[in-house]
Amino acid sequence: MSLTLYYHPLSSFCWKVLIALYENDVSFTPKLINLGDADERAAFLKLWPVGKFPVLRDEQRTIPESSIIIEYLDQHYAGRTRFIPDDPDLALRTRLRDRFLDLYLHMPTQTVVFDRLRPADARDPLGVADALSRLRTSYAMLETELPPHGWAMGDPFTLADCAAVPALFYADRVEPLGDGLPRVKAYLDRLKARPSVARVLAEAEPYFHMFPQEPG
Ligand SMILES: N[C@@H](CCC(=O)N[C@@H](CS)C(=O)NCC(=O)O)C(=O)O
């Protein structure tokens with residue numbers, strides 16, 4: 001079997017999958033996509049008309065969506081890190097935390113970031129305020145729900161931790177984690193120190209200047 005990952009190093013959702021691949025030293029061919037290039041975009045849309053990456057190809061099979069890709073890797077390329085626990089109840093709670101992190105932390109962050117990329121007369125201050133408010137609610141929930149040590153679901157490093165890295169890293173850039181969130185901050189520090197995560201961050205670093213700053 002041979003894997004190709006269509007991705008971009010700055011793309012937050014691609015980080016989830018890169019972390020999973022690096023955790024288990026799964027070999028794959030990285031295919032960096034520049035969606036700003038008309039030909040690359042057209043070729044990518046043929047693969048996945050939704051036009052969002054990451055997308056994984058395994059021989060002739062196309063697997064989109066970061067969480068689904070990680071489950072696919074867990075099923076077909078299992079290694080020392082298992083991303084979905086065997087225990088059905090823990091598996092369900094892991095998937096819930098993954099959904100929570102994607103939908104209520106990662107997506108509101110994207111709302112804020114994408115707004116910064118719009119022309120000044122097309123910005124949506126109300127949408128941004130709603131997204132920032134959602135982030136604060138999600139931070140407060142995480143502060144009470146995260147274990148004091150280890151990972152999002154306790155001892156095992158799971159799908160939820162893959163989701164947490166980009167969600168928290170970029171959320172912290174648009175709505176900095178304040179002093180009232182010691183557990184979330186400590187968890188983010190532990191994540192950043194994990195080798196698979198440190199590698200993803202190091203590979204993204206040359207592209208960080210492309211991250212849009214808050215409009216002045
Ligand atoms: N639900 C998708 C979200 C993927 C996503 O939003 N990808 C962004 C990059 S982080 C993207 O492809 N953006 C390009 C665009 O919207 O044109 C997943 O989990 O993979």
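Because the structure is a prediction, the values reported are computed rather than measured. Atoms within a ligand are numbered from 1 in the order they appear, just like the ligands themselves.
Of the options T62, T4, I33, a side chain to side chain contact (heavy atoms under 4.5 Å, CB included) to L47 is made by T62 and by none of the others.
The backbone N or O of L132 sits nowhere less than 3.5 Å from a side-chain atom of E175 that would complete a donor-acceptor pair. A donor-acceptor pair is defined here as one N or O able to donate and one able to accept, closer than 3.5 Å; no such pair exists between the side chain of E59 and the backbone of R57. Judged by distance alone, with hydrogens and angles left aside, the side-chain atoms of S133 form no donor-acceptor pair with the main-chain N or O of A129 at under 3.5 Å.
From the protein, the heavy atom lying nearest to atom 7 (N) of ligand 1 is F53 O, 2.8 Å. Counting protein heavy atoms only, atom 10 (S) of ligand 1 is closest to S11 OG, 3.1 Å.
For atom 15 (C) of ligand 1, the nearest non-hydrogen atom from the set K52, K16, E65 belongs to K52.
Residue-ligand proximity, P54 to ligand 1, at heavy-atom distances under 4.0 Å covers atoms 20 (O). Interface atoms of ligand 1 facing S12, defined by a heavy-atom separation under 4.0 Å, are 10 (S). Annotation for ligand 1: atoms under 4.0 Å from non-hydrogen atoms of S66 are 18 (C), 19 (O), 20 (O).
Using a 4.0 Å cut-off between heavy atoms, L35 contacts ligand 1 through its side chain alone, with no backbone atom that close.
For R173, there are no salt bridge (Lys or Arg N to Asp or Glu O under 4.0 Å) partners at least two apart in sequence or on another chain.
At a cut-off of 3.5 Å, with distance as the only test, no side-chain donor of Y139 or D172 sits close to an acceptor on the other residue.
Under a 4.0 Å heavy-atom criterion, Q110 is in contact with ligand 1.
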